[in-house]
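Report on the following structure.
Just so it is clear, the values below take in all heavy atoms, side chains as well, and ignore hydrogens, waters and symmetry mates. It should be emphasised that the depicted structure is a prediction, and the values quoted were computed from it without experimental measurement.
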Amino acid sequence: MGSADGKIESTTKIVDKGHNSKCFNIVLLSEGFQKGDLNKYENYCDDFIKEFNKTSPFSNCTARINFFRINVSSKESGANDPKTKKPDGKVLCNGDNSSVKTYFDATYCSDGVIRRLIGVKKTLVFQVLNNKVPEWDRAIVIVNNTKIHGGSGDSISLAVTSVNGNWIKTTLHELGHTFGLADEYQCYIGCPPPPRPGEDYHSSTEPNEPNVTTKKKRHEIKWRDLILPQTPIPTLANPDCTKCNTLTNPEPANTVGLYEGAHYRHCRAYRPSHGCIMKSLSATDFCPVCQREILKAIAKFIKTFDLAITPWGYDQSPPK
């Protein structure tokens, strides 16, 4: 399965804010759409861009962000959905075992363990991108599956999403990974889940990503420059490490501090804010720390931009 199972139909610059060399270029690619269904994919692209333009920090940078749409048709619709088992017969990914002929060979359970993790043939995606939009900066593969939630995002350039449920927020979350951001949620499966061994405590190893930490001392926290002097550290501790921290925020909304529960663990791992798209799909925006990391990648295209992110986010008023 692969490029023999489809065709590159067209490439269109659907949002033109300037010459490609002077703008941040995001490319959307279809996967698992038959030729007669590409109009649905085009509507998905429009819907995503509308939400993208309302989400901070992207909403502050739209004057220098181009969007391209690559229409790729596949012989069949959807994505592979395997059922995987351990040698002892225990089911890991309980897919329907379907196998479909699609251009980028999109596959759920791409790691053999987590069903919602969708992988594609990245080498083929990059080949298409380099041929059609050589100056691309980020790419999003939109997979034609409305039944199963899923996606993935690498730490460099490529996000993948299905079009199930709140898929646009999923796409923004996966796009966040391409800017080097970590997952801020407190377990692999939604909170509050049944107790799962190994999810109680984070190891003492400091994560590489800029939006999660194991450090508790103010002067050691990666985002210490965004924490107000009066904000307590930790800002919100988890009283029960067998569960996700579901306490309400004791500080004004968007306050940067040290909130326990992050990086797939209930305790001993911390995130910058109570809410963020990297933590929950119900969040409106990225937190100020994540916004800053995203803006670092886009900054060279924004003439009036400076990196003075406030403790309440980019270009926002302080809480009253």
Give the minimum heavy-atom separation between Pro239 and Asn245, together with the two atoms involved. CD-OD1, 4.4 Å
So, Glu42 versus Asn71: side-chain donor-acceptor pair below 3.5 Å or not? yes
Distance-only, no hydrogens or angles: does the Thr62 side chain make a donor-acceptor pair with backbone N or O of Asn53 under 3.5 Å? no
Backbone of Glu209 reached by a side-chain donor or acceptor of Lys222 within 3.5 Å: yes
Atom NZ of Lys40: over 12 foreign heavy atoms under 6.0 Å: no
Value for CD1 (Ile118) from CG (Asn145), rounded to nearest 0.5 Å, stands at 7.0 Å
Check whether any side-chain N or O of Thr107 sits under 3.5 Å from a backbone N or O of Asp105 as a donor-acceptor pair, and report yes or no. yes
Would you check, one step at a time, whether the test side-chain contact (heavy atoms from CB on, under 4.5 Å) holds for Leu158 with Val141? CA-CA 8 Å; Leu158 179 63; Val141 176; 3.9 Å; yes
Can you find a pair of side-chain heavy atoms, one from Asn164 and one from Ile148, that are under 4.5 Å apart? no
Under 3.5 Å donor-acceptor, Asp81 side chain and Asp96 backbone: yes
Would you indicate whether the side-chain heavy atoms of Val256 and Thr231 approach each other to under 4.5 Å? no
Between CD1 on residue Ile49 and CD1 on residue Ile26, distance to nearest 0.5 Å: 8.5 Å
Report yes or no: do Tyr201 and Tyr185 belong to one cluster of Ile/Leu/Val/Met/Phe/Trp/Tyr joined by side chain heavy-atom distances under 4.5 Å? no
Is the count of non-hydrogen atoms from other residues, nucleotides or ligands lying under 6.0 Å from Lys13 atom NZ greater than 12? yes
Would you kindly say whether Asp183 and His173 are connected by a side-chain donor-acceptor distance under 3.5 Å? yes
State whether the side chain of Ser280 and the backbone N or O of Ser282 hold a donor-acceptor pair below 3.5 Å, judged by distance alone. yes
Can you tell me if the gamma sulfurs of Cys93 and Cys109 fall under 2.5 Å? yes
Hey, are the side chains of Ile277 and Cys290 touching, using non-hydrogen atoms and a 4.5 Å cut-off? no
Before accepting this row, confirm whether a basic side-chain N of the pair Asp225/Arg292 lies closer than 4.0 Å to the acidic partner's carboxylate O. yes
Would you call Arg268 and Asp200 a salt bridge, using N to O less than 4.0 angstrom? no
Joint cluster assignment, Leu175 & Leu281, ILVMFWY side-chain distance < 4.5 Å: no
Other residues, nucleotides and ligands only: do more than 12 of their heavy atoms fall within 6.0 Å of CG on Asn208? no
State, with a plain yes or no, whether a side-chain heavy atom of Tyr103 is found less than 4.5 Å away from one of Phe33. no
Is it true that, when you exclude Lys83 itself, more than 12 heavy atoms of the residues, nucleotides or ligands shown sit nearer than 6.0 Å to its NZ? yes
Taking Asn211 for the side chain and Pro272 for the main chain, is one N or O donor matched with an acceptor at less than 3.5 Å? no
Among Glu184, Lys279, Glu251, find the one that has a side-chain contact (heavy atoms from CB on, under 4.5 Å) with Tyr259. Glu251
Is any side-chain heavy atom of Thr161 closer than 4.5 Å to a side-chain heavy atom of Val163? no
Closest heavy-atom pair and its distance - Glu174, Val160: CG-O, 3.7 Å
Ser99 and Asn80: which non-hydrogen atoms are nearest, and at how many Å? CA-OD1, 3.3 Å
Within the 4.5 Å heavy-atom criterion, are Ile65 and Phe52 side-chain neighbours or not? yes
Please tell me if the side chains of Glu51 and Lys169 come closer than 4.5 Å, counting only heavy atoms from C-beta onward. yes
Does Tyr270 offer a backbone N or O that forms a donor-acceptor pair with the side chain of Glu260 under 3.5 Å? no
So which atom in Phe24 and which in Arg138 form the shortest heavy-atom distance, rounded to 0.1 Å? CZ-CG, 3.6 Å
Applying the side chain to side chain donor-acceptor pair (under 3.5 Å) criterion to Thr213, which one of Arg224, Glu206, His202 satisfies it? Glu206
Please assess Phe58 against Ile294 for the test side-chain contact (heavy atoms from CB on, under 4.5 Å), listing each intermediate value before the final yes or no. CA-CA 8 Å; Phe58 303 117; Ile294 292 170; 3.5 Å; yes
About how many Å separate CG of Leu129 and OG of Ser157, when rounded to the nearest 0.5 Å? 8.0 Å
Donor on one side chain, acceptor on other, Gln291 and Ser56, under 3.5 Å: no
Please lay out, stage by stage, how Tyr41 and Asp37 fare under the test side-chain contact (heavy atoms from CB on, under 4.5 Å). CA-CA 7 Å; Tyr41 157 69; Asp37 291 329; over 6 Å; no
Could you tell me the separation between the CG atom of Leu295 and the CZ atom of Phe179, rounded to the nearest 0.5 Å? 9.0 Å
Spatial distance of atom OG1 (Thr102) from atom CG (Asn144) [nearest 0.5 Å]: 10.0 Å
Would you compute the distance between atom CD1 of Ile156 and atom OG1 of Thr178 and round it to the nearest 0.5 angstrom? 10.0 Å
Looking at Cys45 and Ile142, what are the two nearest heavy atoms and their distance? SG-CD1, 4.2 Å
Walk me through it: do Ile70 and Val27 pass the test side-chain contact (heavy atoms from CB on, under 4.5 Å)? CA-CA 7 Å; Ile70 300 181; Val27 184; 3.6 Å; yes
Same apolar cluster (I L V M F W Y, side chains within < 4.5 Å links), Leu236/Trp223: no
Report yes or no: does Asn25 contribute a side-chain atom to a donor-acceptor pair with the main-chain N or O of Asp137 at less than 3.5 Å? no
Can you name the closest pair of heavy atoms from Cys287 and Cys276 and give their distance? N-SG, 3.2 Å
When clusters are formed by joining ILVMFWY residues with side-chain heavy atoms under 4.5 Å apart, either directly or through shared neighbours, do Leu258 and Leu247 land in the same one? no
Donor-acceptor under 3.5 Å (Glu31 side chain, Val143 main chain): no
Heavy-atom side-chain contact between Phe48 and Leu172 under 4.5 Å: yes
If we count only N and O atoms by modelled type, under 3.5 Å, do the side chains of Trp136 and Asn130 hold a donor and an acceptor together? yes
